[in-house]
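Atoms within each ligand, like the ligands themselves, are counted from 1 in listed order.
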Amino acid sequence: MIKEKFELNNKIAVITGASKGIGKAMAQGLAEFGATVIVSSRKQEAVDEVAKEFTDLGLKADSIECHVAKHDDRVKLVEKVIKKYGRIDVLINNAGTNPYFGPISKMPVNLYQKTMDINVNSAIELSNLVYPHMKKQGGGSVIHISSIEGLHPSAFMAAYNVSKAALIMAGKNQSIEWGRNNIRVNIICPGYVKTKLSAALLENEVSRNSFLKNCSLGRGSTPDEMAGLAVFLASDASSYMTGTTIVNDGGLMNAPQISMQ
Ligand SMILES: NC(=O)c1ccc[n+]([C@@H]2O[C@H](COP(=O)([O-])OP(=O)(O)OC[C@H]3O[C@@H](n4cnc5c(N)ncnc54)[C@H](OP(=O)(O)O)[C@@H]3O)[C@@H](O)[C@H]2O)c1
């Protein structure tokens with residue numbers, strides 16, 4: 001039955017940055033399809049609350065804090081999950097940041113470094129920690145949450161653009177290295193999703209008008225509109241997909257380059 005391929009029963013899924021926004025919606029989606037989800041973010045109380053919300057709904061959820069840019073936190077996260085559950089079937093590298101709005105020529109080194117540490121380096125290193133376990137257990141699915149900002153340049157999000165482009169290539173490299181171990185690595189590029197992280201873009205009149213003009217669906221998405229893709233990529237329904245970059249942006253990347261309006 002093809003329908004059964006979407007089921008995530010008996011799968012252990014770790015989602016970073018899952019206390020709110022896209023990560024939380026993806027965690028709930030995976031849990032609704034049967035996975036035990038490990039909700040993770042910097043704050044234990046925040047992830048405890050989300051895990052409780054899920055278990056109150058009858059879903060399987062646990063919570064472990066992890067600041068993804070901290071090496072010790074990453075090691076502890078993986079160790080704790082392996083100790084308790086013995087395996088990790090799905091890793092969603094979702095935690096991300098955008099602390100700098102401005103051009104590349106004025107980008108402060110410390111903010112560039114912070115962006116790269118959280119958006120790229122942590123995702124590579126967390127995947128590297130999970131890799132031997134997935135290899136040993138016979139496979140797994142790693143999903144990186146990049147952005148359409150990793151696919152095109154912008155005049156005001158330089159560090160973020162660079163980091164999200166690098167994350168796409170990290171995922172592609174991992175996919176060729178790990179494919180023979182049945183570990184699939186795919187990348188999701190959301191467009192504009194209404195969360196705390198993206199609020200500044202809609203508050204600014206110029207970016208809001210530009211977005212509304214270019215987005216085919218004429219609106220930002222809700223976090224749960226990102227969750228279905230995560231379920232698909234986590235599940236056996238996508239068993240032949242790896243190294244793929246999937247855009248989910250309401251048609252924003254499809255905007256005509258030349259307009260008469
Ligand atoms: N929103 C969009 O329009 C959009 C578009 C494209 C891509 N994305 C990407 O989607 C991902 C999620 O973004 P979002 O919009 O859902 O953001 P959000 O609503 O602000 O949520 C961010 C999540 O990440 C956690 N977090 C932040 N820094 C962390 C760190 N250093 N270590 C661990 N967790 C951390 C936060 O929880 P705590 O505060 O509890 O740590 C929170 O759970 C990001 O990678 C972002 O770049 C977003």
Side-chain angles (χ1 to χ4, degrees), residues 14-29 37-51 53-54 63-74 76-78 91-101 111 113-126 143-152 154 157 159-168 170-171 187-204 207-208 211 215 217 219-227 229-230 245-250 252-253:
V14 175
I15 303 100
T16 68
S19 65
K20 51 180 170 287
I22 295 170
K24 181 182 174 189
M26 288 182 169
Q28 179 162 349
V37 292
I38 317 302
V39 179
S40 182
S41 85
R42 287 168 297 187
K43 298 172 200 134
Q44 188 64 50
E45 314 85 70
V47 286
D48 285 348
E49 221 172 275
V50 172
E53 201 184 304
F54 290 173
S63 47
I64 301 176
E65 75 182 333
C66 169
H67 186 310
V68 292
K70 294 184 180 166
H71 173 78
D72 290 353
D73 277 20
R74 292 191 297 262
K76 272 189 222 152
L77 172 64
V78 174
L91 169 65
I92 305 187
N93 284 307
N94 166 75
T97 190
N98 185 15
Y100 172 67
F101 283 91
L111 293 186
Q113 195 59 57
K114 181 179 176 186
T115 308
M116 293 302 282
D117 279 346
I118 293 174
N119 292 3
V120 190
N121 304 344
S122 69
I124 294 173
E125 288 170 29
L126 200 47
I143 304 167
H144 296 308
I145 309 306
S146 176
S147 168
I148 56 166
E149 297 307 326
L151 295 169
H152 64 184
S154 76
M157 281 197 276
Y160 189 76
N161 290 109
V162 172
S163 72
K164 291 299 188 181
L167 182 58
I168 291 170
I187 304 109
I188 296 177
C189 292
Y192 176 79
V193 188
K194 289 179 222 161
T195 67
K196 188 172 167 236
L197 187 77
S198 59
L201 288 178
L202 267 208
E203 281 159 16
N204 179 298
S207 62
R208 182 175 64 242
F211 166 72
C215 177
L217 294 182
R219 63 174 180 83
S221 86
T222 54
D224 64 307
E225 289 179 286
M226 299 293 130
L229 253 186
T245 305
I246 305 180
V247 170
N248 189 2
D249 70 342
L252 192 55
M253 287 291 286

Indicate whether any N or O donor in one side chain lies under 3.5 Å from an N or O acceptor in the other, for [X] and [Y].
X	Y	answer
Asn94	Thr16	no
Gln44	Asp48	yes
Asn93	His144	yes

(request) Decide, yes or no, whether a salt bridge links Glu125 with Arg74 under the criterion of side-chain N to carboxylate O below 4.0 Å. (result) yes
(request) For the pair Glu225 and Arg219, find out whether any cationic side-chain nitrogen is under 4.0 Å from an anionic carboxylate oxygen. (result) yes
(request) Could I get the full list of side chain to side chain contact (heavy atoms under 4.5 Å, CB included) partners for Ala165, not counting sequence neighbours? (result) none
(message) I'd like the residue list for ligand 1, meaning every protein residue with a non-hydrogen atom under 4.0 Å from the ligand.
(response) Gly17, Ala18, Ser19, Lys20, Gly21, Ile22, Ser41, Arg42, Lys43, Cys66, His67, Val68, Asn94, Ala95, Gly96, Ile118, Ile145, Ser146, Ser147, Tyr160, Lys164, Pro190, Gly191, Tyr192, Val193, Thr195, Lys196, Leu197, Ser198
